[in-house]
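What follows is a set of notes on a single structure, which appears directly below.
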Amino acid sequence: MVKSVKIAPPNSLLFISDPNGGEAPDPVRGAPVLSTPSCISVACLMWQDGETEVSLGSDVKVDETRIAAFDGMLETPNRSVIVSTVEGDTVLEAHVPRTRTHVRVWVNRPREPDKVTIELQ
Amino acid sequence: MAEARAQDAIRRVREVDPEWRPRPSTYATVEGLIRTYEAEAREAEARVTELASVGVGPGPFAVEWIPARGSSRSLRESERAELNRIGATFGCHTCGALTPGTRSGNFVGDHQLPITWGQPTRIFPQCVACSNFQGGWLRQNKRDR
């Protein structure tokens with residue numbers, strides 16, 4: 001199952017983590033994707049320029065034009081993955097079977113993507 | 001003199017971080033009290049500089065701004081045009097970049113205070129790299145709304 005939402009998140013940032021929020025990565029100027037073992041941040045379309053379509057799930061369909069922005073393991077002690085904003089508002093949630101989850105993040109362009117697909121394996 | 005400097009520095013911090021307090025200290029003499037004031041002033045000035053460097057409070061390149069319409073996040077076309085003019089003239093208020101780094105060529109309208117920290121009164125132009133950086137810092141220093 002795949003869930004999708006269109007949002008313009010503050011500071012053009014999305015955070016992928018367990019519902020406990022994880023440990024957000026230290027910010028680095030100019031780095032579109034950052035991660036810790038428990039949280040991934042992804043920069044998207046400048047929020048005052050429009051919305052970004054965000055999809056989350058295990059059955060995502062990714063065409064060959066998409067770019068892999070992240071491929072790694074995420075700590076998910078509550079067996080759930082959320083996508084949230086700088087302010088901590090949850091915009092998407094998906095249940096996962098394990099306490100560590102393989103996550104791939106796909107974007108439609110390297111800078112300010114307006115399509116972000118989060119694949120859970 | 002030392003007391004006035006400390007109070008002024010603390011007031012400037014609290015404009016952007018109302019919850020900030022200097023570290024508690026004790027003193028037994030007048031000289032000790034003066035040293036306490038001087039330490040508080042240094043601590044407050046360091047906090048203002050730290051916050052400005054991460055995009056909380058007007059940055060070192062802040063010159064002009066537009067008024068914020070309460071906590072509304074959206075920008076009108078006229079507001080966007082004015083922010084782009086200010087940004088192209090004076091740069092990103094945090095780092096001074098004269099180009100916003102966005103695909104659209106628009107500067108980000110940065111609310112100050114950040115909406116999660118209080119009621120914004122002003123909007124400054126900011127480049128996208130500083131906006132993203134500020135977001136990462138705010139996430140790490142999240143406050144209850």
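Throughout, a chain's letter reflects where its sequence line sits, starting with A, and its residues are numbered from 1. Quick note: numbers below take in every heavy atom, side chains included, and nothing from hydrogens, waters or symmetry partners.
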Flag if over 12 foreign heavy atoms under 6.0 Å of CD, B/Glu77
no
So, the part of A/Pro25 with a heavy atom under 4.5 Å from chain B: the answer is backbone
Would the number of heavy atoms belonging to other residues, nucleotides or ligands and lying under 6.0 Å from CZ of B/Arg11 be above 12?
yes
Verify same cluster id: A/Val103, A/Phe15 (apolar side-chain graph, 4.5 Å)
no
Please check if the number of heavy atoms outside A/Glu23 that lie under 6.0 Å from its CD is greater than 12.
no
Test side chain to side chain contact (heavy atoms under 4.5 Å, CB included) applied to B/Gln134 and A/Leu13, step by step:
CA-CA 10 Å; B/Gln134 178 197 53; A/Leu13 279 185; over 6 Å; no
Same cluster (ILVMFWY, side-chain, under 4.5 Å), A/Ile118 and A/Val62:
no
Shared hydrophobic cluster, A/Val42 / A/Val28 (ILVMFWY, side-chain heavy atoms < 4.5 Å)
no
What option among B/Ser104, B/Pro114, B/Ser131, B/Ala129 has the most heavy-atom pairs under 4.5 Å with chain A?
B/Ser131
Determine, using the 4.5 Å side-chain heavy-atom cutoff (strictly less than), whether A/Val91 and A/Ile40 are members of one ILVMFWY cluster.
yes
Answer key: most heavy-atom pairs under 4.5 Å with chain B among A/Val86, A/Leu45, A/Asp26 is A/Val86
If you measure from CG on A/Leu34 to CZ on B/Phe133, what distance do you get to the nearest 0.5 Å?
10.0 Å
Evaluate the side-chain proximity of A/Pro27 to B/Asn132: yes if any heavy-atom separation is below 4.5 Å, no if none is.
no
Working to the nearest 0.5 Å, report the span between OG1 of B/Thr102 and CD of A/Glu112.
5.5 Å
Where on A/Ser41 is there a heavy atom nearer than 4.5 Å to chain B: the side chain, the backbone, both, or neither?
neither
Give a yes or no on whether a salt bridge exists between A/Asp49 and B/Arg80, defined as a side-chain N under 4.0 angstrom from a carboxylate O.
yes
Show the nearest heavy-atom pair for residues A/Trp47 and B/Val108, with the distance to one decimal.
NE1-CG1, 3.8 Å
Smallest heavy-atom separation, B/Cys130 atom then A/Arg29 atom, equals SG-NE, 3.4 Å
As an exercise, state the distance from CG of B/Asp110 to CG of A/Asn11, rounded to the nearest 0.5 Å.
7.5 Å
Options B/Gly101, B/Pro100, B/Ser74, B/Gly55, ranked by heavy-atom pairs under 4.5 Å with chain A, top entry:
B/Gly101
Can you find a side-chain donor-acceptor pair between B/Arg139 and A/Thr85 that sits under 3.5 Å?
no
Quick check: is A/Met73 connected to A/Val96 through a chain of hydrophobic side chains (ILVMFWY, heavy atoms under 4.5 Å apart)?
no
Residue part contacting chain A, namely of B/Cys127, when any heavy atom lies under 4.5 Å
neither
Evaluate side chain to side chain contact (heavy atoms under 4.5 Å, CB included) for A/Met46 paired with B/Arg103, printing each intermediate quantity in order.
CA-CA 8 Å; A/Met46 200 278 268; B/Arg103 291 175 61 85; over 6 Å; no
Would you say the side-chain atoms of A/Gln48 pair up with the backbone N or O of B/Gly109, donor to acceptor, closer than 3.5 Å?
yes
